[in-house]
Amino acid sequence: PTVGKGQPRTKPRACNWGLENARGKYLVIFDAEDQPEPDQLKKAVIAFRRLEQWGKTKVACLQAKLNYYNARQNSLTRFFTLEYTNWFDLFLPGLHVFRTAIPLGGTSNHFRTDVLKELGGWDPFNVTEDCDLGIRMARRSYSTEILDSTTWEEANSQVGNWIRQRSRWIKGYFQTHLVHTRDSVLPMLVAAGVFGYLYSVHQADLRDPSPPMHVREAFGYISFAAN
């Protein structure tokens, strides 16, 4: 079956079409090139059942870890692997420990189908619909747990594709931030803070011709990735 014609022609709209036809208790999203660990689905079902036994009925999603199977293809894929390893193996588990909202990855999300339908599925107009859904779940008092299983993906190895993908991610994060803070003054405060930081860094660079600390750290990461 294929998604019918209509707008917008986006991944989240296709996901919503699949959600309308979903009949199972649980639902999972995988990308076409994904290589999840063979026992990931079994781990997810066992984890959900244990959470139910422990009375954790507000856990709506299990996020598996993501990483790349072509990490050593070139320097760009090495950087991608460093980033994903830091994000999924360190940062997201830290958010989980502090019980804060977790921005979902675009794949290997294991959901309770009834909760996903209650939330209305994905925002078809958001280009980072996964991040938006993670925030919406948290705002409705649902939570996400990290599943101890890894899905292997293919990292972008071409600079042009990387720029387009990263531009879409940044656009989506801005969009999600504005959507969830549109009733407050926070967006204006954040924008003022960002511009203030950029101005202070620019002024410091003009006064001091030596490379600033963040540039020296970046070269350190570059040296690590090249080895």
Side-chain angles (χ1 to χ4, degrees), residues 10-16 18-20 22 24-31 40 43-67 83-151 168-191 193-194:
T10 59
K11 173 185 174 181
R13 177 173 174 266
C15 289
N16 285 335
L19 178 61
E20 290 178 1
K25 185 176 181 179
Y26 306 115
L27 182 148
V28 62
I29 298 294
F30 288 120
D31 287 339
Q40 186 175 122
K43 280 186 174 181
V45 172
I46 292 174
F48 271 124
R49 289 179 177 175
R50 286 178 176 173
L51 290 168
E52 291 175 359
Q53 293 174 356
W54 296 338
K56 295 185 176 182
T57 59
K58 283 294 187 177
V59 178
C61 177
L62 300 175
Q63 170 68 67
K65 299 176 182 179
L66 305 179
N67 220 309
E83 179 187 40
Y84 259 38
T85 299
N86 177 70
W87 183 258
F88 287 98
D89 295 346
L90 181 63
F91 187 70
L92 289 191
L95 293 182
H96 175 223
V97 169
F98 285 103
R99 300 299 176 188
T100 62
I102 293 181
L104 302 179
T107 178
S108 302
N109 317 128
H110 301 260
F111 297 101
R112 285 172 47 196
T113 307
D114 58 339
V115 174
L116 194 53
K117 289 184 175 181
E118 175 191 331
L119 294 171
W122 294 264
D123 179 356
F125 293 94
N126 193 316
V127 294
T128 51
E129 73 290 338
D130 41 13
C131 176
D132 170 75
L133 181 56
I135 303 302
R136 281 196 286 124
M137 285 196 300
R139 295 186 68 178
R140 294 283 292 273
S141 300
Y142 289 108
S143 63
T144 299
E145 302 261 343
I146 304 300
L147 183 65
D148 187 18
S149 180
T150 300
T151 294
R168 177 174 56 84
W169 288 356
I170 294 173
K171 173 186 174 182
Y173 291 150
F174 270 111
Q175 181 181 2
T176 300
H177 169 74
L178 292 174
V179 165
H180 291 283
T181 58
R182 57 191 168 190
D183 297 326
S184 70
V185 297
L186 184 59
M188 292 182 289
L189 295 176
V190 170
V194 169

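Counting all heavy atoms, side chain and backbone alike, Glu129 lies closest to Asp123 at CB-O, 3.9 Å. The heavy-atom pair separating Trp87 from Pro93 by the smallest distance is O-CD, 4.2 Å. Considering all non-hydrogen atoms of both residues, Ala44 and Leu147 come closest at CB-CD2, 4.1 Å. Of all the heavy atoms in His96 and Thr144, the pair that sits closest is CD2-O, 3.8 Å. A pairwise comparison of heavy atoms in Lys43 and Asp148 identifies NZ-O, 3.0 Å as the closest pair. Of all heavy-atom pairs between Ser108 and Phe30, the closest is OG-CE2, 3.5 Å.
Panel note: side chain Arg112, backbone Thr57; a donor-acceptor pair is recorded below 3.5 Å. Using modelled atom types, one side-chain atom of Thr10 and one backbone atom of Pro124 make a donor-acceptor pair closer than 3.5 Å. A donor-acceptor pair under 3.5 Å is formed between the side chain of Lys117 and the backbone N or O of Ala22. Between the side chain of Asp132 and the backbone N or O of Thr128, no donor-acceptor pair lies under 3.5 Å. Between the side chain of Gln63 and the backbone N or O of Thr107 there is at least one donor-acceptor pair closer than 3.5 Å. A donor-acceptor pair is defined here as one N or O able to donate and one able to accept, closer than 3.5 Å; no such pair exists between the side chain of Thr151 and the backbone of Leu66. When atom types are taken as modelled, the side chain of Arg136 and the backbone of Gly121 share a donor-acceptor pair closer than 3.5 angstrom.
When the shell of 6.0 Å around CZ of Arg99 is examined, it contains more than 12 heavy atoms from other residues, nucleotides or ligands. Around atom CG of Asp114, more than 12 heavy atoms belonging to other residues, nucleotides or ligands sit under 6.0 Å away. The environment of Arg168 atom CZ is dense: over 12 non-hydrogen atoms of other residues, nucleotides or ligands sit within 6.0 angstrom. For Lys58, the NZ atom counts as densely surrounded, since its 6.0 Å shell holds more than 12 non-hydrogen atoms of other residues, nucleotides or ligands.
Between Ile102 and Ile146 there is a side-chain heavy-atom pair separated by less than 4.5 Å. Taking the side chain as every heavy atom from C-beta outward, Leu104 and Met137 approach each other to under 4.5 Å. Two residues are said to be in side-chain contact when any heavy atoms from C-beta on lie closer than 4.5 Å; Pro12 and Asp130 fail this criterion. Proximity of Cys61 to Val115: side-chain heavy atoms (C-beta onward) are nowhere separated by under 4.5 Å. No side-chain heavy atom of Phe125 sits under 4.5 Å from any side-chain heavy atom of Val179. Looking at heavy atoms from C-beta onward, Leu133 lies in side-chain contact with Leu116 at the 4.5 angstrom threshold.
Relative ring orientation between Phe111 and Trp122 is described as perpendicular, the plane-to-plane angle rising above 60° on a 0-90° scale split at 30° and 60°.
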Worked check of side chain to side chain contact (heavy atoms under 4.5 Å, CB included) between Asn67 and Thr85: CA-CA 7 Å; Asn67 220 309; Thr85 299; 3.1 Å; yes
Passes side chain to side chain contact (heavy atoms under 4.5 Å, CB included), Asn16 versus Arg13? Steps please. CA-CA 5 Å; Asn16 285 335; Arg13 177 173 174 266; 5.5 Å; no
Side chain to side chain contact (heavy atoms under 4.5 Å, CB included) between His110 and Tyr26, worked out: CA-CA 7 Å; His110 301 260; Tyr26 306 115; over 6 Å; no
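Here CG of Leu27 is found 9.5 Å from CG of Asn109. Values are rounded to the nearest 0.5 Å. The CZ atom of Arg140 sits 14.5 Å away from the CD1 atom of Ile135 when rounded to the nearest 0.5 Å. Atom SG in Cys131 sits 10.0 Å away from atom CD in Gln175 (nearest 0.5 Å).
For the pair Lys11 and Asp31, the salt-bridge criterion is met [side-chain N within less than 4.0 Å of a carboxylate O].
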